[in-house]
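The structure appears below as structure tokens.
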Amino acid sequence: TTPFLLVAAWAFSRSSPRFEAWLLAHPKLGPPIVAWREERAISTGAKILAVGGMAVIERALALTIDYVKERQAFGKRILDFQNTQFVLAECKTEANVGRAFVDRLIGLHLEGKLDAATASMAKYWVSDLECKIVDRCLQLFGGYGYMNEYPIGRMFRDTRVQRIYG
């Protein structure tokens, strides 16, 4: 049975719950359709979360760099402190590695070679990186970072769920 016929049969079955139940219970047709549906759902959600996670990482870095250029403490800009420069360098390096990974993911998708396992790896790794970098950026905002008036505070709150769903 070709993948096209399986997908077509499943799509047709959506109009009839009884036919869909029969089709999914069929010993030869059911398992491939179930596997296809699961893989499609996993890889689509994971791709979206990985790309969205990189967008959040890049936005968090941009906001943080702008903030530390303007904000002063102890008579100098926060950017001028050596620790701030180290933290930003680490975050930017990790963001560049993440971006290369997601760019490769997009390339595989465009070539039709992206599988659910690779998409899931990207979702796992980028969502973990997203939480890490947003947390480090928030630290550079000090107490202001925890306020909802600052976008970094909302990002910090919202990125936590990225590890859970998808």
Name all residues meeting the salt bridge (Lys or Arg N to Asp or Glu O under 4.0 Å) criterion together with Lys113; count only those two or more places apart in sequence or in a different chain, and write none if there are none.
-> Glu111
Validation: residues 96-106 side-chain donor-acceptor distances under 3.5 Å, sequence neighbours left out:
from	atom 1	to	atom 2	distance (Å)
Arg99	NE	Asp103	OD1	3.2
Arg99	NH1	Glu58	OE1	3.0
Arg99	NH1	Glu58	OE2	2.6

Would you say Glu130 and Met54 make side-chain contact, with heavy atoms under 4.5 Å?
-> no
Is there side-chain contact between Ile152 and Leu140, with heavy atoms separated by less than 4.5 Å?
-> no
Find out whether Glu94 and Ile133 are in side-chain contact, i.e. whether some heavy atom of one side chain is under 4.5 Å from a heavy atom of the other.
-> yes
Can you check whether Phe141 reaches Tyr146 side chain to side chain, under 4.5 Å on heavy atoms?
-> no
Please tell me if the side chains of Leu61 and Cys91 come closer than 4.5 Å, counting only heavy atoms from C-beta onward.
-> yes
Side-chain contact test, heavy atoms from C-beta onward, threshold under 4.5 Å: evaluate it for Val56 versus Met155 and give yes or no.
-> yes
Where at least one partner belongs to residues 149-161, residue pairs that pass side-chain hydrogen bond (donor to acceptor under 3.5 Å, both in side chains), sequence neighbours excluded | Asn148-Arg157
Does Asp66 have any salt bridge (Lys or Arg N to Asp or Glu O under 4.0 Å) partners at least two apart in sequence or in another chain, and if so, which?
-> none
Does Arg71 have any side-chain hydrogen bond (donor to acceptor under 3.5 Å, both in side chains) partners at least two apart in sequence or in another chain, and if so, which?
-> Tyr67
Salt bridge (Lys or Arg N to Asp or Glu O under 4.0 Å) with Lys92: which residues, sequence neighbours excluded?
-> none
Counting heavy atoms not belonging to Tyr124, are there more than 12 under 6.0 Å from its OH?
-> no
